[in-house]
Protein chains: 4
Amino acid sequence: MAPRTKDQNKEIRETRRKMIMQAALELFSKEGYHSTSINGIAKRAEISKGLLYNYFESKEELLKIIIMEGIMEMENMMVIPPSESVSKSDLIYMIDSVFERLSSQKEFWMLFSSVLVQPDVLEIVSGELGVVLEGLLKEMEDYLRRSGSPSPREDAYVLGALFDGISLNYFINPEGYPLESVKNRVKEIFVR
Amino acid sequence: MAPRTKDQNKEIRETRRKMIMQAALELFSKEGYHSTSINGIAKRAEISKGLLYNYFESKEELLKIIIMEGIMEMENMMVIPPSESVSKSDLIYMIDSVFERLSSQKEFWMLFSSVLVQPDVLEIVSGELGVVLEGLLKEMEDYLRRSGSPSPREDAYVLGALFDGISLNYFINPEGYPLESVKNRVKEIFVR
Amino acid sequence: MAPRTKDQNKEIRETRRKMIMQAALELFSKEGYHSTSINGIAKRAEISKGLLYNYFESKEELLKIIIMEGIMEMENMMVIPPSESVSKSDLIYMIDSVFERLSSQKEFWMLFSSVLVQPDVLEIVSGELGVVLEGLLKEMEDYLRRSGSPSPREDAYVLGALFDGISLNYFINPEGYPLESVKNRVKEIFVR
Amino acid sequence: MAPRTKDQNKEIRETRRKMIMQAALELFSKEGYHSTSINGIAKRAEISKGLLYNYFESKEELLKIIIMEGIMEMENMMVIPPSESVSKSDLIYMIDSVFERLSSQKEFWMLFSSVLVQPDVLEIVSGELGVVLEGLLKEMEDYLRRSGSPSPREDAYVLGALFDGISLNYFINPEGYPLESVKNRVKEIFVR
DNA sequence: AATGAATGAGAGTTCATTCAT
DNA sequence: TATGAATGAACTCTCATTCAT
């Protein structure tokens, strides 16, 4: 029998890779990074422990890749054409899309928030992460400047913090959190 | 030598208890809950591992007590006389005092934020914590209502989230964070 | 395309077999038996792990075959026509050829020495090896007897041990070892 | 009840330390470094796996310490007062004592030889070892010079190699090896 | 009250080997 | 013939907790 073709293998690898990352994301976000065991991830992904190491060289690398790919995905979504000015509706659109992502990518954001506040875990991703976050902040500042904010840098910090804080509170108790009315209030406050 | 009196003993116990809690707080916030070992705490508190268990029955209980006592201490500070109305200067005072505490009790807030976003760790304290947080939120809502906010509940959520988010961002990189100008911007936005 | 003839197939098999053995020898001697992985051998031989098992049924068998074929090759070289007597120049020739082989077949001798002193590894080859070594010793004893040694058995042991010891020391630090002057001293001592 | 005194603890620690080292030496030499598991060592020393790590911080460190302490012990025995000259009987005494140690400290020497020829294992101890071995060689050279050897450096190498080789052969098959008659032949050859 | 030696369950990781293709 | 995805047993090491003293 002929061996698998390279394409077949590539597909298998890509599928498995995603399965593992999905399983890990679910557990990391549900149980926390430290409380999630490689064993648990493997079981949820329905593979053997050993195979996981065929795809990711360590638990740390697995986390790193999940975070980095997640951030990049988000960045791609966030990119706004650097047009002359940013209208009110642009701002509203941005706020809407951030809130939308909060629920549609809940697990990723829970994991991400939790990574940020655990010094030991943050260190794992910090190398790659620092640069990316700087970029995001800059972009938001630029965005706010073009939308006419009098102090875009401070507003970027405030808005960034606000989003982080809302995620945080939302994730602690998703069912009980009035996401919709909070979103509306945010619009009232920041879009004039 | 006369044996120690009961009072002396009680005092020694109380001192040690605080020392252990302080050591644990420092390590929990600096290294993360999971990465902090009982051994490390005992060493920092300059006692033996065994003795630590004489004061706290487990690592989990130690965390729980640190968090609960910290929250209570904060609540005491926050209590505002339920006067008829809240003036602009009252609001400013509140914002100032929150920011002030961010730096003066940095370690506690770092730990607290990190507990909130780690489901496995949150579970340890969740029983007791839920009630307390509800209370805080209610209090802030009440406060904002009396200060004339048109939607005090939403504003309480927004302001609460904002404080959480700012802490979070501040703690990740305390030196680089423009705490002062962010504080001023918050005042501009929320105090009209 | 015509299918490969049987001869061609056989030739390919033989070539591959040697490539695998060469790769394994290099790694075994450079990294040690246990620290060498099947994966590493396969990569160095530029074949797949699976194919390796088509040629050798286990890592142990691979080692066994490398050692046995190496010894046999050496034996062939060593064979001396059982003439009546052995002259001084014969002895010198033997010593020279042993030393020559030390450097020309360094990898094999390194592996061989290391196998001898690792009980767990020795066990893998011991069955087949014992007999062969006995033979070598006998042959050397005979050789020395014919060269006029007063105690050929003991001299065989001494000379054998000396060669082993020199290899060992030489291999630990090939660049720093004064192989040439040691060889000359050995000749002075043993050839009178 | 009072806690143990420092002296009591020190004694306990010293005893256990030796027990663990003895168990490890036996297994390392009998099974080989890689084939010996921490579990096995702990079992033989009749302690728990965890406790072993209370005494030695890793398997590698355990090996390193066994080797270094063994070498030092040997060096102490070897030290010869740097008198003007070395007599025949001094040389004989040295040879005797080397051979004596071969059997009395068999396990250590088996381990030591095996470490020398396993590059991966050698690396573990190489840092500390290199210096020590240089010293030994120098000492033997000096010794031979004072005993009147015409080429002390080469003789030191030859004698060193001879001892190594004899150990090696002896250890492979201790029962069958004619240690006594080999020793006598060595004396005949090297003591004139 | 106080110590730290001791335990043991469970963690992350490696690797020879198998097997579907 | 040839591949490399997949397995699982075994490994080293960690740490909260207990307990004899």
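What you see is a predicted model; the values in this text were computed from it and never measured. We use all heavy atoms of the structure for the numbers below, so side chains are in, but hydrogens, waters and symmetry mates are not.
A donor-acceptor contact shorter than 3.5 Å is absent between the side chain of A:K64 and the backbone of A:G127. In this structure, the side chain of A:E61 does not engage the main chain of A:S58 through any donor-acceptor pair within 3.5 Å. Checking side-chain atoms of C:T36 against main-chain N and O of C:L27 turns up a donor-acceptor pair under 3.5 Å.
If you check every strand for non-hydrogen atoms under 4.0 Å, B:I38 touches a base. Contacts of D:S35 with the nucleic acid, taken as non-hydrogen atoms under 4.0 Å apart, are absent. As judged by a 4.0 angstrom heavy-atom cut-off over every strand, D:T15 is placed among residues making no nucleic acid contact.
Every residue two or more places apart in sequence or in another chain was checked for a side-chain hydrogen bond (donor to acceptor under 3.5 Å, both in side chains) with B:K10, and none qualifies. The side chain to side chain contact (heavy atoms under 4.5 Å, CB included) search around C:Y55 returns C:R13, C:R16, C:R17, C:I20, C:L51, not counting sequence neighbours. By the side chain to side chain contact (heavy atoms under 4.5 Å, CB included) test, B:Y53 is found to be paired with B:I38, residues two or more places apart in sequence or in another chain being considered.
Heavy-atom nearest nucleotides on DNA chain E were determined for D:K6 and for A:T36, and the one closer to the 5' end corresponds to D:K6.
Note: CD (B:E14) to C1' (E:dA1) measures 16 Å, nearest angstrom. Rounding to whole angstrom units, CG of residue C:N39 and P of E:dA16 are separated by 8 Å. Rounded to a whole Å, the CD1 atom of A:I41 is 13 Å from the C1' atom of E:dT13. The separation between C:H34 atom NE2 and F:dT12 atom P is 11 Å, rounded to whole Å. Here E:dT21 presents its C1' atom at 9 Å from CG of A:N9, a figure rounded to the nearest Å. The NZ atom of B:K43 sits 12 Å away from the C1' atom of F:dC15 (whole-angstrom rounding).
Note: C:M19 CE to C:R44 CZ = 11.5 Å, rounded to the nearest 0.5 Å.
The aromatic rings of A:F112 and A:W109 sit perpendicular, their planes meeting at an angle over 60°, well past the 30° parallel limit.
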(message) Wobble G-U and Watson-Crick pairs count when both distances are under 3.5 Å; given that, what is the 5' to 3' dot-bracket string of DNA chain F, with | for pairing to other strands?
(response) .||||||||||||||||||||
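Crowding of D:E46 atom CD: a count of heavy atoms from other residues, nucleotides or ligands under 6.0 Å not exceeding 12. Other residues, nucleotides and ligands contribute only 12 or fewer heavy atoms inside 6.0 Å of the CD atom of B:E123.
Which of E:dA6, F:dT21, F:dA16 sits closest to the side chain of D:I12 comes down to E:dA6.
The side-chain tip of D:K59 does not point at the ring of D:F28 from less than 6.0 angstrom away and within 45° of straight on.
For the segment residues 16-33 of chain C, residues with any heavy atom less than 4.0 angstrom from an atom of DNA chain F are, sorted by number, C:R16. A heavy atom closer than 4.0 Å to some atom of DNA chain F occurs in D:K49, D:G50, D:Y53, D:S58, D:K59, these being the qualifying members of residues 44-64 of chain D.
Salt-bridge check for C:K18 with C:E69: passed, with a basic side-chain N closer than 4.0 Å to an acidic carboxylate O.
Between A:R13 and F:dA5 there is a side-chain N or O to OP1 or OP2 distance below 4.0 Å.
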